[in-house]
Each structure stands twice: as C-alpha cells, then as structure tokens.
Amino acid sequence: MTRAGVDVVVAGGGPAGCCAAVGAAHAGARVVLLERAPFLGGTATGAMVASFMGFYWRDVRVGGGVGYEITQRLIKAGGATGFTPYVLAEASENPVRVRTFPFDPEVLKLVLDDLVEEAGVDVRLHTQATRPLRSGTTVTGVVAQGLYDVEEFAAGAVVDATANAVLARKAGSATENAGEDPRARQPMTMMARLSQVDIDRFRALPREEKRRLARAGVAAGELAQQLLSVVSSPAGSDAFILMTRVAGLDGSDSRDLTRAEVEGRRQVRAAVNFLRRDVPGFENAYVSSLAPWIGVRETWRVLGDHVLSESDVRGGRQFDDAVAQGGGPLDVHHPDGAGLTLAEPAAPFSVPYRSLLPRDVDGLLVAGRCASATRAGMGAMRHMGTAMATGHAAGVAAALAAQHTTTPRGIPARDVRRVLRDQDAIVDRPPR
Ligand SMILES: Cc1cc2nc3c(=O)[nH]c(=O)nc-3n(C[C@H](O)[C@H](O)[C@H](O)COP(=O)(O)OP(=O)(O)OC[C@H]3O[C@@H](n4cnc5c(N)ncnc54)[C@H](O)[C@@H]3O)c2cc1C
C-alpha cells in the first residue's frame, strides 16, 4: 500500500469527471483523476455514444467552460464538424428537435489525453476507486486499486463522478431511488459502429418511410424498438447505431452487466441483418466496432441538499445558487414496453450547487449521472453537455474547499459561481 496527499481526487473519468479534474486544476488544485478503463471519456468513448446533447436549448448555447472547450478541440482535431440541428427519435411517434454535436469517439480519447495533461492532472487509468477514506461522516480521501497496488489518496475534497455513486454510497449517502427495484430502471443500449454506409441516402428517406421500416424491423423481431437512431461520423462514411434495448437487468451489478453485454451484442447482430437487407444506404454496411461496454442510462442517484425534479426541469427553473445550465430535452426510456418520454423544457434550466452536495456526508461532491435528481430530472440533466457542466462546477468547488481547508458545504455558492465564470462556464440563463 502506498500513500499520497493531494488537494482533490476525482473518481471516474467520464464527461463529468474529466471536466471536474480540469476545472479543479485550473483553480489551482493538485488533482488525481482515477479511471478504471484504459482511456478517458466514459460513456462518450467506452459506450460509443458519439453525440453530445445539452449544450443548447433551441438556438441558445447554455454549455460553456471545459465542456465547450472539449467541443472546440474536437473540431480542431478533425473529430467533429460542429453543432448541428437533429431530430431525436425521428422514426418514433414523438420526435423532438435538438442541437447535437456528433464526434468521433476515437478522436475524443486523444483530445482528453491532451486536455488533462496540459492542465497538470495526475491521471491514473486502469485504476478503480474502491472506497472512501472517512473520518466520521466526512470523506477524507479515496482508496484506489491498480492492477496490483492499492493506493491511498488523502484529499482536501473528493468528487464522485463514477455515474454509479460508488464512493457516495460507500460513504453512507442515501440515494434518491433507494426504494426502487434496480432491475426496473431505464434500459441499456449496446452501440455499434458500421462502416461503408451511404448515410446521405438513408437520411434522404422520408420520415414516414423510416417509421414504416422501423415498425417492420420490430415486427420481424430484429429491431428492439421503433427507432432508427443513427449518428454519422464526421467523415460521413460511418454510422453509430443506437438500436438495441436491454431491459430488466441492473446496470450496477457485474453479473447482470455480463448478461447485458452479451444480449446487447446479440441485438446488434439482429439489427445489422435487418439494416443490410431492408434499409436503403446500409446494403454494404459491416460492423467495424462494437462499443467496449454497454451504455447504462440509470443506476444510483445520490440524495442531495436539493433534488432536481421534473418540474424544475420542465419549467426552466433558475436557482440563486445555480452552477450549471441545461438545455434538455427530458429523455426517459421506459423500463417496460419500448416507449420513451421526450419533452423540451420551457426554457433553459439550472442545476443548483445543492444538487452536488450529498445529504449527511461532508468532504464529497457528486457530479454527472449520480448527482441529486429524480428519475425525470436526471432524464434532462444526464446529457453530456450538462454532465460536463456539473463536473466542472464540482471540480471548482472541490478546489476551493481544499484551498480554504473546509468542506464543499462550507464554500458559498457565489464563490463557486465566480470562479466558474472566470473559467468561461455559463452559470446564469443566457439571454435568448
Ligand atoms: C445508450 C445511451 C445513449 C445516450 N445518448 C446520449 C446522447 O445522444 N447525448 C448525450 O449528451 N448524452 C447521451 N447519453 C447520456 C450520457 O452519455 C451520460 O448520462 C453521461 O455520459 C454521464 O456522464 P458521467 O461522466 O456522469 O458518467 P459516465 O459517462 O458513465 O462516466 C463514468 C466514468 O467513471 C468510470 N468509473 C466508474 N466507476 C469507477 C470507479 N469505481 N473507479 C474509477 N472509475 C470508475 C467509468 O469507467 C466511466 O469512465 C446516453 C446514454 C446512454 C447510455
């Protein structure tokens, strides 16, 4: 066992964790970032969900700071062309217009390597955060498992960006969804990258025809739901397909995840058979890669000082202690049946600092998919643009707590907001 002391430990190197680590480092903290995978990016790279949402509400940009910088670096690196209008769930019965940012996940891995290195973050890949160090109800650091070695990091403040609230739950935080059956959550999705696709031909199909095809795919048992969701690669020759649906399993349990990975891959095979046979543009397509892991939409949400609710999000509520802005949409896939709820908020909504502070536990912040919200609130907050904004805010707050030798709860939200603004984040609703 080795021991080290730092200002901030961030567990989880997904969209939220990367922004937390960089935000904290830019605020002057010595930061360690722990990621169990061999690359950064979380769901964006590991589950190949190759399109950011949440940066815009209609035509109003609500995401700034480190997250926005990542988009600009992706464009410079040739891994994206920019924000683009998109109709979400086009082949379903209730499509929604959004502004997305499609990107190449392989280029994102490189962009994130550079970003964290330039910020001076000490990154540990292949390293699992296993449990918090504690003094009473205060988290004082993290125990991490490398391939062989166990390391203890004492820290001024800790950010849990594991999406599964791994540290928060072990520190004793209550979860908002504690009473629910963990197998009755939103379905998981295995993504695949197909090459040699004539995307323009597919996109040119009338919406009615896409609906007809999707219904036929479902009737044939080859499509899991009435969706023909396709994200095209920046080069325009590859398609990332989101057409599988694995329900009834717990995305935070390794045994269930094993079954989900295998079932997800089986569904990809069926969907690709259908696409190649019946869908114009896919005649010559082949699977050039399967996502390294299945995409998990929902596990544990920590119960924080504020629980972001459906009405907060739908009504575009603005809080005095806002540290992030979201654009939505509210996007909840139904655990049973194959439906989904999609809705545009009435205006950009805010995430209060209190939603990053677990109730009953000090020394710890939560960001991204395990922050404090109801299922529907998280349905709008989980998009990567917003996950990055909450991560950025948690990182800055952790750095301030370490500097002032206090807990994150002891840092006034106005101080977090000030530093975030200095780092080009958007904390207040932008003018329309
Ligand atoms: C199928 C699917 C489609 C989606 N579509 C979109 C979309 O089109 N646009 C959009 O913006 N959002 C989309 N989302 C939502 C979005 O991808 C997630 O909500 C978002 O990635 C959450 O970010 P995060 O950083 O909180 O978590 P994650 O992206 O899950 O990252 C968490 C990271 O923590 C690491 N980790 C976990 N436990 C540990 C540990 N103990 N120690 C060390 N590391 C650990 C993981 O390996 C991972 O890298 C989709 C999600 C899914 C599943």
Side-chain angles (χ1 to χ4, degrees), residues 1-14 16-21 23-25 29-37 42 121-146 149-178 252-254 299-305 353-372 390-391 393-411:
M1 165 101 73
T2 53
R3 289 192 172 81
V6 292
D7 296 320
V8 173
V9 176
V10 178
C18 287
C19 292
R30 289 168 305 142
V31 184
V32 167
L33 173 60
L34 308 172
E35 168 55 53
R36 65 181 174 184
V121 174
D122 181 0
V123 183
R124 305 295 176 91
L125 301 176
H126 292 283
T127 304
Q128 180 122 4
T130 54
R131 66 179 173 84
L133 295 167
R134 289 194 288 170
S135 166
T137 56
T138 301
V139 172
T140 57
V142 179
V143 180
Q145 174 72 58
D149 295 331
V150 176
E151 255 186 292
E152 260 188 27
F153 295 97
V158 172
V159 178
D160 185 339
T162 61
N164 298 321
V166 171
L167 295 178
R169 292 186 75 213
K170 290 187 179 176
S173 297
T175 47
E176 181 271 340
N177 48 349
S252 63
D253 177 274
S254 298
T299 53
W300 302 99
R301 293 178 298 276
V302 166
L303 195 61
D305 289 354
Y353 183 44
R354 286 164 294 148
S355 284
L356 311 185
L357 297 174
R359 249 180 240 178
D360 307 325
V361 174
D362 274 321
L364 183 68
L365 293 128
V366 282
R369 188 160 66 68
C370 56
S372 176
T390 61
V396 162
L400 292 177
Q403 265 158 32
H404 296 282
T405 41
T406 179
T407 61
R409 192 168 272 105
I411 298 293

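Because only heavy atoms are used, hydrogens play no part in the values below, and waters and symmetry mates are left out as well, while side chains stay in.
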>> Walk me through whether Ile411 and Thr406 qualify under side-chain contact (heavy atoms from CB on, under 4.5 Å).
In response: CA-CA 7 Å; Ile411 298 293; Thr406 179; 3.6 Å; yes
> Is there a donor-acceptor contact under 3.5 Å linking the side chains of Asp160 and Thr162?
Replying inline: yes
>> For Ala168 versus Val366, what's the shortest heavy-atom pair and its separation?
In response: CB-CG1, 4.0 Å
>> Apply side-chain contact (heavy atoms from CB on, under 4.5 Å) to residues Val8 and Val158 and explain how you reach the verdict.
In response: CA-CA 6 Å; Val8 173; Val158 172; over 6 Å; no
> Would you call Arg30 and Asp122 a salt bridge, using N to O less than 4.0 angstrom?
Replying inline: no
> Taking all atoms of both residues into account, what is the closest heavy-atom pair of Asn177 and Thr299, and its distance?
Replying inline: ND2-O, 2.7 Å
> Does a side-chain heavy-atom distance below 4.5 Å link Leu365 with Leu357?
Replying inline: yes
> Does a donor on one side chain sit under 3.5 Å from an acceptor on the other, for Ser252 and Asn164?
Replying inline: no
> Below 4.5 Å, heavy atoms only, C-beta onward: do Asp7 and Val31 meet side chain to side chain?
Replying inline: no
>> When you compare the side chain of Val142 with that of Leu34, does any pair of heavy atoms fall below 4.5 Å?
In response: yes
> Are Glu35 and Val123 close enough, and set up right, to give a side-chain contact (heavy atoms from CB on, under 4.5 Å), and what steps lead you there?
Replying inline: CA-CA 8 Å; Glu35 168 55 53; Val123 183; 5.7 Å; no
>> Could you measure the distance from the OH atom of Tyr353 to the OG1 atom of Thr390? Nearest 0.5 Å is fine.
In response: 13.0 Å
>> Is any side-chain heavy atom of Asp149 closer than 4.5 Å to one of Thr2?
In response: no
>> Is the shortest side-chain heavy-atom distance between Arg36 and Thr127 below 4.5 Å?
In response: no
> If you look at every heavy atom in Met1 and Glu151, which pair is closest and at what distance?
Replying inline: SD-C, 4.5 Å
> With side chains defined as the heavy atoms from C-beta onward, is the minimum distance between Val139 and Val361 less than 4.5 Å?
Replying inline: yes
> What are the two closest heavy atoms between Ala394 and Ala367, and how far apart are they?
Replying inline: CB-CB, 3.9 Å
> Is Val32 close to Arg124 at the side-chain level, that is, under 4.5 Å between some pair of heavy atoms?
Replying inline: yes
> How far apart are the closest heavy atoms of Ala401 and Pro408, and which atoms are they?
Replying inline: CB-N, 3.7 Å
>> Measuring only between side-chain heavy atoms, which start at C-beta, is Val302 closer than 4.5 Å to Arg169?
In response: no
> Within a radius of less than 6.0 Å around CG of Asp360, do more than 12 heavy atoms belonging to other residues, nucleotides or ligands occur?
Replying inline: no
